[in-house]
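I have placed the structure first, in the form of C-alpha cells, so that the comments after it can refer back to it.
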Amino acid sequence: MFKQFLLVAALVGSLQSSCHADPAARVAADSSAVQPQSEATRATRDLLDEIVTWLGSNFDLPAAADHPAVAFVSQSRLETMRAEDRAFSRGLTQGAVGDEPAPRRVVAVYDINLKTIFLPDDWTGKSPAGQSILVHEMVHHLQNLAGLKFECPMAREKVAYMAQDTWLRRFGTSLESEFELDMFTVLISSTCMY
C-alpha cells in the first residue's frame, strides 16, 4: 500500500511542464546545469529513430519524425524541475503538502512547451533500463505532438509506463525489476480519482 501511495505521489508530481508559467525562463535560469554530451547525444538520436518506429508499431501513437530536443542536466536540476511541476500540480489537484510521501528518484523530465527531454548528465542509454527511460519520455513527446488530451495529468502516464515495461520485456526484464514499479501500481496510480 505504501508503495502505491509513493507512486501516486510521484505520478501527481509528474505533471508535465505544460502548465508551468515560463518554462524557457526556468531552463535559462540554470543553463549552466545543461551539460553537452556529444557521444550520448549521437546515441540518443539513433535510438529515438528506433523508439519512434517501435512505438508506432506497438502502441496507438503517431510515428512522428519531429524528435524532441534532448538535454543532459544534473540530478539536482532534474529534481528541481520535478519539484516545480509538483508545486504547480498541487494547485491543480488540491492536494495538501503534508499528504505527500517522499518522491521517487527523478530519472527524466519531459517539458511539453520546450519539446525537450531532460536526462541525467550520466545517462548513456547503453542499458535496456536507460533506453526505457527514453521510451517513457518519448511517449509523452508523441502524446504532445498528437495533441492528445487526458482526463487528468496522471492518465497520460499509463501508456508511457506500459510502453516502458514492454520495451524492457524485450530484454528479459521489467519495470518491477529495474525500477521497483509493478503494473498494478501503474494502473491504479494512472486512474483519475476525483
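Here the structure is a predicted model, which means the values were calculated and not measured. Throughout, numbering of the chain's residues begins at 1 and tracks the sequence. Side chains are part of it too, since the values below use all heavy atoms of this structure and drop only hydrogens, waters and symmetry mates.
- Here the NZ-CG distance, from Lys158 to Leu187, works out to 5.5 Å after rounding to the nearest 0.5 Å.
- Taking the side chain as every heavy atom from C-beta outward, Met138 and Val52 approach each other to under 4.5 Å.
- Taken from OG1 in Thr116 to CE in Met81, the straight-line distance is 8.0 Å, to the nearest 0.5 Å.
- Residue Leu48 holds its CG atom at 6.5 Å from OG1 of Thr44, rounded to the nearest 0.5 Å.
- Taking every heavy atom of both residues into account, Leu114 and Asp111 meet most closely at N-OD1, 2.9 Å.
- Scanning both residues, Tyr110 and Pro68, for their nearest heavy atoms gives CE1-CB, 4.3 Å.
- Distance CD/Glu157 to OG/Ser190: 8.5 Å, rounded to 0.5 Å.
- The distance from atom CD1 of Ile112 to atom CG of Asn144, rounded to the nearest 0.5 Å, is 5.0 Å.
- Considering all non-hydrogen atoms of both residues, Ala108 and Leu119 come closest at CB-CD2, 3.8 Å.
- Residues passing the ring-ring contact (aromatic ring centres under 6.0 Å, His included) test with Phe150: none are found, sequence neighbours excluded.
- Residues passing the side-chain contact (heavy atoms from CB on, under 4.5 Å) test with Ala146, sequence neighbours excluded: Pro62, Leu148.
- Side-chain contact annotation: Thr173 with Glu178, donor-acceptor N/O pair under 3.5 Å present.
- Take Gln75 and apply the side-chain contact (heavy atoms from CB on, under 4.5 Å) test, not counting sequence neighbours, and it matches Leu78, Glu79, Arg105, Val106, Pro120.
- Formation of a donor-acceptor pair under 3.5 Å by the Thr185 side chain with backbone atoms of Leu181 is not found in this model.
- Annotation: the span from Ile51 atom CD1 to His141 atom NE2 amounts to 12.0 Å, rounded to 0.5 Å.
- Without hydrogens or angle criteria, Trp123 side chain to Phe72 main chain gives no donor-acceptor distance under 3.5 Å.
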Side-chain donor-acceptor distances from residues 162-169 under 3.5 Å, at least two apart:
| unit_1 | atom_1 | unit_2 | atom_2 | d |
| --- | --- | --- | --- | --- |
| Gln164 | OE1 | His136 | ND1 | 3.0 |
| Gln164 | NE2 | Ser132 | OG | 3.2 |
| Asp165 | OD1 | Leu175 | N | 2.9 |
| Asp165 | OD2 | Arg169 | NE | 2.8 |
| Thr166 | OG1 | Met162 | O | 2.8 |
| Trp167 | NE1 | Gln131 | OE1 | 3.4 |

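- When the side-chain contact (heavy atoms from CB on, under 4.5 Å) test is applied to Ser127, the partners found at least two apart in sequence or on another chain are Ala129.
- Pairs engaging residues 48-60 under the side-chain hydrogen bond (donor to acceptor under 3.5 Å, both in side chains) rule: Asp49-His67 [sequence neighbours left out].
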Practice task
Could you give me the CA-CA distance, side-chain angles and deciding distance for Val139 and Leu61, then say whether side chain to side chain contact (heavy atoms under 4.5 Å, CB included) is met?
Solution key: CA-CA 8 Å; Val139 168; Leu61 292 167; 4.0 Å; yes
Exercise for the section: Under the side chain to side chain donor-acceptor pair (under 3.5 Å) rule, what do His140 and Gln143 come out as? Steps first, then yes or no, please. Expected result: CA-CA 5 Å; His140 294 314; Gln143 291 169 333; 3.0 Å; yes
